[in-house]
Engineer: 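The structure that follows is given in the form of structure tokens.
For ligands, and for the atoms within them, numbers begin at 1 and follow the listed sequence. Only this structure's heavy atoms are used, side chains among them; waters, hydrogens and symmetry mates stay out.
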Amino acid sequence: MDDPDIELYDNVDEIIGQMTNDIKIGQLHQSGSYEELEKQLLRCGEIGSLLNFCGADAVSGIQNTIIESISKIPLLIGDDVIHGYSTGFPIPLAESCSFDLELIEGSAAIAGREASSQGVNLIFAPMVDIARDPRWGRVAEGAGEDPYYGALVAGARVRGFQRKNSRGYPQTASCPKHFVGYGASEGGRDYDYTEISDLTLRNTYLPPFIAAIEAGALAMMSSFNDVSGSPASLCSDLLNDVLRTELGFDGMVVSDWESVQQGKAHGVAADDSDAALLGIKAGVDMDMHSGIYRQHIQALIDSGKLTRKDLDRSVKRILQTKMRLGLFDGVEWNAPQPSVYYSEDSGSVLRAPHHIAAAREIAVRSIVLLKNEGGLLPLPKSIRSLAVIGSLAVSRQDPLGCWQCKTDSSNVVTILEGISQKTGTAVQIVYAKGCDAAECNEEDMAEAVRAAGQCEAAVVVLGETCYMSGENNSRAFLDLPVSQRELLRRILEVNRRTVLVLMNGRPLTLAWEDRHVDAIVEGWQLGDESGNAIADILFGDRNPSGKLTISFPRSVGQIPVYYNHRNSGRPELIRYIDEETSPLYPFGYGLSYSSFQYSDLELSSVVMGRDDTITVSVIVANTSDVAGEETVQLYIGDLVSSVTRPVRELKAFAKKLILPGEQVRIVFNITESMLRFYRHDKKLASEPGMFRIYVGTDSRAALCKEFELV
Ligand code: GLC
């Protein structure tokens, strides 16, 4: 099918011309409830969208009701399909550590397919907020601290969610969020103030949104936060000028939950009517749940504060979104049509075997090996006894993470189950709770210590429950809970062959653990296949290949700590008198059961004209006897420019399987466009001068060469 947009656009104005004001205003209203009011609005055709509503039959009934109403305008059915719909996938932060964009896109495609089979056609994802403060619980939903990589992941997820369905339309509309700068909330406190300069806005927070727009995102969600004095959901500069004019976004903008109405709490709107006026003027087309558009827009038009043109502009964007989804496909204006909203037999789609297999694969590749002293891992399959300790090891809820959508915890393979299934009867597995996520009692602790002391090795699963990260779950302390650390300490006293497996939704401060534990596995919250993925890694059926996309601080006092920081004027003096300045585990870090050696970094030229390409090559050798994947990372530092620049920025990476003893030459191409950045004049441009290229296994890469852009 050729581009469906073309033939659908030309009748949207005709449709708007047929609509009453009540029906137009109804399009701007999205409700998170489905009560008598919404049913009434539905029958009158005066509602544009429902969210958190699901079920193929229910949606079909809803849509057919609206088709039989006077408006005949199908609804957008929205849902937070953040990491899986029915098949539970790893939290997005975990998936981002796979450095496998194909798998990440595939994960979103499966989630979108399952959601659309249930009538969902608007997905409030991907969350693309760059975040450098792990106290903020929503780091779990994103792709970490790097704008370049965050942009690649944003594009992949939008493409996945918007994969074409059997009718040639996007299976769902992706709605990247939260525009903009939400991850910069002061103190890591969700919803709090964000101080963001124009330069930081463009160089740090916009790149993932730009990539999402380039990937064709049909919608966008405005955010809760106040951006340097302007609440994002009521700010015309951000929404009309930056998002639409500067970035060219032509889709619809939906607010976050009542975020337009919150203009009153922000202190920029005197009342609901004032907030509604500011919101729609700013470019928020659809009001999520508050109802202030539905209640006040007509009066605002009557009073002349709002024009019909203002109203029609938002109505048009919403109708175009629905048209781009094919919701009007086959809907004749004067006759109700059978549902065209989902073609799949939902029974065959939800948790299809290949969906479950995909969830396991990306879970395995999202696991990051943080420490492996003395080769404790992988555990030998000849081991005769193994203690598995911790309430998280048997939890079905916590591996599903912070947005569980329509997953079912009964489908989760726990870590204990994964290990038991892997080892069969050959190994005596002894489980002991040891402690809950937050507290413990002496009896449980003693039982766990006994179990660890009686077994050849121990796997201790510690970290966070799924309710300790995600929205409005900010933390001021990131250590393991005291009870968990005490349990670990006492286990280490009786068995040094102890593996710490972390189940968490954010970086934790693990300095003590790093000093005392020989093997540490970052297991995140990996979804349905958690147990199988962790067992695959623990017993060496798979070689860990994940790399961190967010720095792990040594202590909360370092935050924010991230790799692409500025050099400052006195870099040699920057320090704490009571802490290191470097993070415990940096961006790009992750170990393998293999060992890799980098050498022979070569540039094809040390001078680059604006139209030239410099080829960068490096030899990576696998010096171990285990095949493994290495994510080779290339960073570039701009040594002199009109604004202070990060000491280095990720500009390319290649994840490569390297066989034992093999040496591979990895080649990257550098072009002028990779050197561009936003300057004080808000222009995206490169500047002539010296640049330094670093290539290595993480953001501390030392192998480097310089070249000059002329
Ligand atoms: C929430 C979140 C947003 C989500 C929306 C709908 O408050 O901020 O990410 O999509 O409401 O549930």
Engineer: Checking contacts here: is it the side chain or the backbone of Glu471 that comes within 4.0 Å of ligand 1, counting heavy atoms only? Could be both or neither.
Structural biologist: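 For Glu471, the contact with ligand 1 is made by the side chain alone.
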Engineer: For ligand 1, which is the ligand I care about here, please tell me if Arg138 has any N or O atom under 3.5 Å from one of the ligand's N or O atoms.
Structural biologist: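 N/O-N/O distance under 3.5 Å: yes.
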Engineer: Polar-atom distance check: Asp256 versus ligand 1, any N or O pair below 3.5 Å?
Structural biologist: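 Checking ligand 1 against Asp256, an N or O pair does fall under 3.5 Å apart.
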Engineer: I'd like to check Asn203 versus Pro147 (side-chain heavy atoms, cut-off strictly below 4.5 Å). Are they in contact?
Structural biologist: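 Result no, sub-4.5 Å side-chain heavy-atom pair not found.
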Engineer: side-chain contact (heavy atoms from CB on, under 4.5 Å) between Ile550 and Phe587: does it pass, once the steps are laid out?
Structural biologist: CA-CA 5 Å; Ile550 188 167; Phe587 177 90; 6.0 Å; no
Engineer: So, applying salt bridge (Lys or Arg N to Asp or Glu O under 4.0 Å) with Lys24, which one of Asp285, Asp312, Asp310 is it?
Structural biologist: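 Result: among Asp285, Asp312, Asp310, Asp312 is the only option passing the salt bridge (Lys or Arg N to Asp or Glu O under 4.0 Å) with Lys24.
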Engineer: Measure from NZ or CZ of Lys164 to the centre of the six-membered ring of Tyr169, then state whether that distance is under 6.0 Å and the direction lies within 45° of the axis.
Structural biologist: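 Geometry flag: not set, cation outside 6.0 Å or 45°.
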Engineer: Which of the atoms in ligand 1, numbered in the order shown and given with their element, are less than 4.0 Å from a heavy-atom of Phe224?
Structural biologist: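 So the atoms of ligand 1 that pass are 7 (O), 8 (O).
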Engineer: Using distance alone, decide if ligand 1 has a nitrogen or oxygen within less than 3.5 Å of any nitrogen or oxygen in Trp257.
Structural biologist: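 Trp257 vs ligand 1: no N/O contact under 3.5 Å.
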Engineer: Above 12 or not: heavy atoms from other molecules or residues under 6.0 Å from CD of Glu246?
Structural biologist: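 Count over threshold, so yes.
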Engineer: Distance to 0.1 Å, residue and atom name: give those for the protein heavy atom nearest to atom 6 (C) of ligand 1.
Structural biologist: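 It is Asp80 OD2, 3.3 Å.
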Engineer: Below 3.5 Å, N or O to N or O, backbone or side chain included: is there any such pair between Glu141 and ligand 1?
Structural biologist: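 N/O-N/O distance under 3.5 Å: no.
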